[in-house]
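As structure tokens, the structure follows; a few thoughts come after it.
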Protein chains: 2
Amino acid sequence: MAQLNTVDRILDAAEELFAERGFSETSLRMITSKARVNLAAVNYHFGSKNALIHAVFARFLTPFSATLQHAFDELEARCEVDPPTLNQILWALTESAVRMPQRNERGISIFMRLLGLAYTQSQGHLRKFLEQEYSEPFSRFMSLLKDATPQLSAVDRYWRIQFMLGATAFTMSSSEALQDILRNKLGVETTVQEIAARLVPFLAAGMQAPDTFQIPSAPDNSPVA
Amino acid sequence: MAQLNTVDRILDAAEELFAERGFSETSLRMITSKARVNLAAVNYHFGSKNALIHAVFARFLTPFSATLQHAFDELEARCEVDPPTLNQILWALTESAVRMPQRNERGISIFMRLLGLAYTQSQGHLRKFLEQEYSEPFSRFMSLLKDATPQLSAVDRYWRIQFMLGATAFTMSSSEALQDILRNKLGVETTVQEIAARLVPFLAAGMQAPDTFQIPSAPDNSPVA
DNA sequence: GTCTGTTTGAAACATACGTTTGAAGCACAT
DNA sequence: ATGTGCTTCAAACGTATGTTTCAAACAGAC
């Protein structure tokens, strides 16, 4: 690995370790020793561990957010009259992610895994940070989705978006492990692009599924027959 | 809250706190003070924090596993010739979860959130514990899914199962937060049963989506249309 | 060379954690 | 009443964490 400055070395090490182990489970000492940097460097350059977490996210989220805005601009410009379709929106998102310049071949995996962790781990400060830093592309995505699925009620749409996010974040976040399993079991090689290519139709189909047809009733009978 | 014995008080408190904050972020001191129990009681009754985590899972997973096996038995008995359909399998799973006797009204939320955490926060010891304790119902579920989706290639099925798991684990693991957002934004109350009722059609539709229609190539052409 | 502002370094700090200890408390059979 | 086995308790232990300190090293300007 090239000899980078202290700040970047810390960010690289932190990014990788956070993605591997989560935030609370990664100590500053792990980060600084992986980065071959003095322990105090984190607090000197970033101020605190939480600020370092924010910086890790900002480093890839800020350019991604710009790329995404651009992709959405193009999309809306291309189809002036009708709103973009669900497939178009999802592909724009996917392509923006795939096209992001990666620091290494695992870039997308790490990227996705971190996003999943941001959602999943309870870190209140992170959620707050992401919400106030990147609310614009997010709500724009939501708004596009809304126009693309007018047949859905607001509540249905809300939940189905969560399902999409879940399938994506979860799969991508463990994509390396999943690719390994597939290689060992079926002898198949898979790229992240191919996973995305399988994911988008899945999501689109789920998003456009027929209405909820049944609510399970209250369980007043014995759980075992 | 009724005056239970020490072991149950610890399990109740731990379950709730783990679901709220995750495992690493929950200390034994939080647990014992919420349970109004001496700090040493955890190590006395369970041996270690990890063993306590296992016990929390075992308490609801063991009866759930039995319920599920029973539901699968019924399902296979009901349709002797044709294998159970995808919808039937998913509903059997959902109903088994919903019908589990709950300690309180948030029981299912906690239950689901813990399952989600088990997948995402994956503490190594937890994954190992779950795999060797509950591999049977899991592989049976996989096998049923295989028979229900003969039209899918093994690779497609594999990925789509991951997508389903992801959507489920992810949504359920943050179901309370998502319910809060929905309450504040749209003023809608949602039960876990309703989430499940929305999730199943989404999953079934995604699972049966038409074949992958396109693999994105090097990113210079537009994938849309 | 010397000064100046920035960055690194080794060490310590305060705090929180999981775990262990050993005495005290308790219920119950003898 | 006395002894016994299990449970609770306050206190301490050892370790790991995030953070701070302050001197040393460094780089660039004069």
Side-chain angles (χ1 to χ4, degrees), chain A residues 1-59 117-118 121-129, chain B residues 1-59 117-118 121-129:
Chain A
M1 197 173 285
Q3 192 73 348
L4 299 167
N5 60 51
T6 303
V7 169
D8 286 324
R9 293 234 299 284
I10 292 175
L11 284 174
D12 285 342
E15 181 179 85
E16 208 154 329
L17 286 171
F18 285 153
E20 249 169 48
R21 329 175 20 102
F23 305 111
S24 316
E25 293 83 356
T26 302
S27 72
L28 290 185
R29 283 167 177 81
M30 292 178 199
I31 295 171
T32 53
S33 83
K34 181 184 178 100
R36 295 199 319 284
V37 147
N38 188 272
L39 169 61
V42 168
N43 285 281
Y44 174 76
H45 286 287
F46 298 94
S48 69
K49 184 182 179 180
N50 281 352
L52 169 62
I53 297 177
H54 297 174
V56 166
F57 275 86
R59 183 166 64 150
L117 287 180
Q121 310 227 154
S122 69
Q123 310 278 351
H125 67 96
L126 221 194
R127 184 166 298 200
K128 205 166 294 177
F129 169 78
Chain B
M1 199 173 287
Q3 190 75 348
L4 298 168
N5 60 51
T6 303
V7 169
D8 286 324
R9 294 235 299 284
I10 292 174
L11 284 174
D12 286 343
E15 183 178 83
E16 207 155 330
L17 286 172
F18 285 152
E20 246 170 49
R21 326 175 23 98
F23 305 111
S24 315
E25 293 83 356
T26 302
S27 72
L28 290 186
R29 284 167 175 82
M30 292 178 197
I31 295 171
T32 52
S33 86
K34 181 185 178 98
R36 294 200 319 285
V37 146
N38 187 272
L39 169 61
V42 169
N43 286 280
Y44 175 75
H45 286 287
F46 297 94
S48 70
K49 183 182 179 180
N50 281 352
L52 169 62
I53 296 178
H54 297 173
V56 167
F57 274 87
R59 184 166 65 151
L117 287 180
Q121 286 213 271
S122 210
Q123 312 261 20
H125 67 95
L126 221 195
R127 183 165 295 202
K128 206 165 294 180
F129 170 77

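Just so we're on the same page: letters track the sequence lines, and every chain starts at 1.
To the nearest 0.5 Å, atoms CG (Leu11(B)) and CG (Leu52(B)) are separated by 6.5 Å. Distance check: Arg21(A) CZ to Ser27(A) OG gives 7.5 Å after rounding to the nearest 0.5 Å. With rounding to the nearest 0.5 angstrom, the NZ atom of Lys34(B) is 12.5 Å from the CZ atom of Arg9(B).
In this model, the phosphate group of dT8(D) is approached by a side-chain N or O of His45(B) to a distance below 4.0 Å at OP1 or OP2.
For Arg29(B), there are no salt bridge (Lys or Arg N to Asp or Glu O under 4.0 Å) partners at least two apart in sequence or on another chain.
Across the protein-nucleic acid pair, Ile10(A) atom CD1 and dG18(D) atom P stand 13 Å apart, rounded to whole Å. A straight line from CZ of Arg21(A) to C1' of dT17(D) spans 13 Å, rounded to a whole angstrom. Summarising the geometry, the separation between CD1 on Ile31(A) and P on dT19(D) is reported as 11 Å, rounded to the nearest angstrom.
Each side chain to side chain donor-acceptor pair (under 3.5 Å) pair with one or both residues in residues 41-54 of chain A, not counting sequence neighbours, appears once here: Asn50(A)-His125(A), His54(A)-His125(A).
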> When you check every protein heavy atom under 4.0 Å of nucleotides 10-25 of chain C, what one-letter string (B, S, -) results, 5' to 3'?
Replying inline: B-B----BBBBB----

> How far apart are the C-alpha atoms of Leu28(A) and Phe46(A), what are their side-chain angles, what is the distance that settles it, and do they pass the side chain to side chain contact (heavy atoms under 4.5 Å, CB included) test?
Replying inline: CA-CA 12 Å; Leu28(A) 290 185; Phe46(A) 298 94; over 6 Å; no

